[in-house]
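Proteins come first, then strands; the chains are lettered A, B, ... in the order of their sequence lines, and each starts at number 1. Nothing here was measured: the structure is a model prediction, and the numbers come from that model. Worth knowing before you read on, the calculation uses all heavy atoms, side chains too, and leaves out hydrogens, waters and symmetry mates.
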Protein chains: 2
Amino acid sequence: MTETCNCNNCRNELCIRKVPIFSTLNQEDVGKIASLINHRDYKKGETILFDGDYTDSVVIINEGSAKAYKNTPDGREQILYVFSEGDFFGEQNLLGNKTATFSVEALQPVNTCILSRGQFQKLLYSYPEIAVKIIEELSGRMARLETALQSMGVRNVDTRVGGILLEFATKYSTKTNEGTLIHLPLSREGIANYLGVARETLSRKLGQLENEGLIRSVNNKEILIPNMQAIELLAGAGY
Amino acid sequence: MTETCNCNNCRNELCIRKVPIFSTLNQEDVGKIASLINHRDYKKGETILFDGDYTDSVVIINEGSAKAYKNTPDGREQILYVFSEGDFFGEQNLLGNKTATFSVEALQPVNTCILSRGQFQKLLYSYPEIAVKIIEELSGRMARLETALQSMGVRNVDTRVGGILLEFATKYSTKTNEGTLIHLPLSREGIANYLGVARETLSRKLGQLENEGLIRSVNNKEILIPNMQAIELLAGAGY
DNA sequence: TCTTTTTTTTGATTGCAATCACAGAAACTT
DNA sequence: AAGTTTCTGTGATTGCAATCAAAAAAAAGA
């Protein structure tokens, strides 16, 4: 039961403990569920789920991160979510034999926990609190989508860039004495595909923000924000 | 217990029966829940929920339709959903004292059923099947949002107009011998705000589609589509 | 360390939709 | 039915981001 135990059950328990939707369970229940779990590893760039595929399992990200995206009719890739530790997907296909509504690709080496649909359904009926947790999680994800949709409706691209900097700052940043350091989960191209703009446009906008002193591009994976309020202004009424 | 009964309980039962999330309940349970419900009417144009407000209730649309929207920083209004009979909102605020993430405004005279948060929560714990239904409903709504986001990422506006015609055709149309007749739930301005384009642009695109014979604008509330496949083509690989 | 490949930036140009302005049509008001 | 208000369509213009093209920088591989 220690963290160094390598038996499968203990590994699975560790995995479950990371996931917010199981956070209300006691030790005994965690143990029960742990035995139902399978694992799978993916290399960076590997596709975990294909848009349109039939799936009969719920996948929980145990380690690493992944992007969920849809291909647009005009050949672009629209990123919908960046999943990281504790996030899950595949719950869409709970009842009806629905197919996946997006593809998921590993951004780094990823380890997943897999629950079959049947097992997941049983859980929902035996543990209403899990269902409530899931509703909460889905509600949060919807709020994010709604904000993204609102943002896509904004004509002014500067505002949208500010918005994504703000989002990343709240999720992927550390405080330093020079300001907020964002550890970007996506490449420039990825960010552009998340924002729904051309890669070149994002490049220019970031360059412009750097000239204005609002950001400092430390390297391709990190951006420093000396003054967060300025970015909030940009994202808010910034125009 | 007949449809003409006017006692409050019966009215509420009718209301509940319309809502998919309660569809799995038996007569007795429906009766129990019915007694918990309150009603409220809204005139066309009235705001049912204000973005940012604290709410402690779940609202179910019993009659009429409403738009859910967010105001963008640049002063536009981005429509997120068109709610009609059986749709619900306010479930975001299940646990935490979260505030509304969008505003809701009646598009027609609207009658609502209202459940307090506490009552709603109890229902979830007593009837796991309701929770599952809600997860299903939320999943469907998310799929819609994801598609909308994908669509917003498409540069080609023609494709997006095609997409919304397709969406409306599946939800608000009747078949006639001249083709599919769409009963528009929104004004031109509303549709533009749903698509995230300027009203004038939509006007021009629709005019163009009419010239090409793809649609026929019967009046401001109805559009006839003689050949649905052509619209599918437009929405799909249309460019 | 040097080469190869991938990613990012920068430059020049173009095209499309936003915006402004107004006319015309439709929907309410009394 | 006339007048008022709101909604919709059309024209002219502009601006911004997409696109094309290529250099520069960073990452991966040998």
May I ask you to decide whether [X] forms a salt bridge with [Y], counting only side-chain N to carboxylate O separations under 4.0 Å?
| X | Y | answer |
| --- | --- | --- |
| B:E178 | B:R216 | yes |
| B:R141 | B:E137 | yes |
| B:K205 | B:D158 | yes |
| A:E77 | A:K67 | yes |

inquiry  = Using heavy-atom distances to pick each residue's nearest nucleotide on DNA chain C, tell me which of B:R76 and B:K44 is more 5'.
reply    =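 This one resolves to B:R76.
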
ask   = Listed in order of residue number, which residues of residues 64-71 of chain A have a non-hydrogen atom at under 4.0 Å from DNA chain D?
value =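 Hits under 4.0 Å, by residue number: none.
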
message = If the condition is side-chain hydrogen bond (donor to acceptor under 3.5 Å, both in side chains), which residues does B:E167 pass it with, not counting sequence neighbours?
response =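 By the side-chain hydrogen bond (donor to acceptor under 3.5 Å, both in side chains) rule, B:E167 matches B:Y194.
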
ask   = Among all residues two or more places apart in sequence or in another chain, which pass the side-chain hydrogen bond (donor to acceptor under 3.5 Å, both in side chains) test with B:R76?
value =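 Testing B:R76 for side-chain hydrogen bond (donor to acceptor under 3.5 Å, both in side chains), a comparison that skips the adjacent residues, returns B:Q78.
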
key: Note, B:P109 side chain near B:K43 side chain (heavy atom, < 4.5 Å)   =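 Side chain of B:P109 against side chain of B:K43, heavy atoms only: no contact under 4.5 Å found.
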
Please tabulate the protein-to-nucleotide N/O contacts below 3.5 Å involving nucleotides 2-8 of chain C, giving atom names and distances.
from	atom 1	to	atom 2	distance (Å)
C:dT8	OP1	A:R188	N	3.1

request  = Using chain B heavy atoms and a threshold of under 4.0 Å, write down where along DNA chain D the contacts begin and end, 5' to 3'.
outcome  =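 That gives a stretch of D:dT8 to D:dT19.
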
key: Degree of bending in the helix from C:dT1-D:dA30 to C:dT30-D:dA1 once both end axes are built from five pairs, to 10°   =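 Terminal axis comparison yields 60°.
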
query = Looking only at heavy atoms, which two atoms of A:A68 and A:V104 are closest? And how far apart?
reply =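 Heavy atoms of A:A68 and A:V104 come nearest at CB-CG2, 4.2 Å.
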
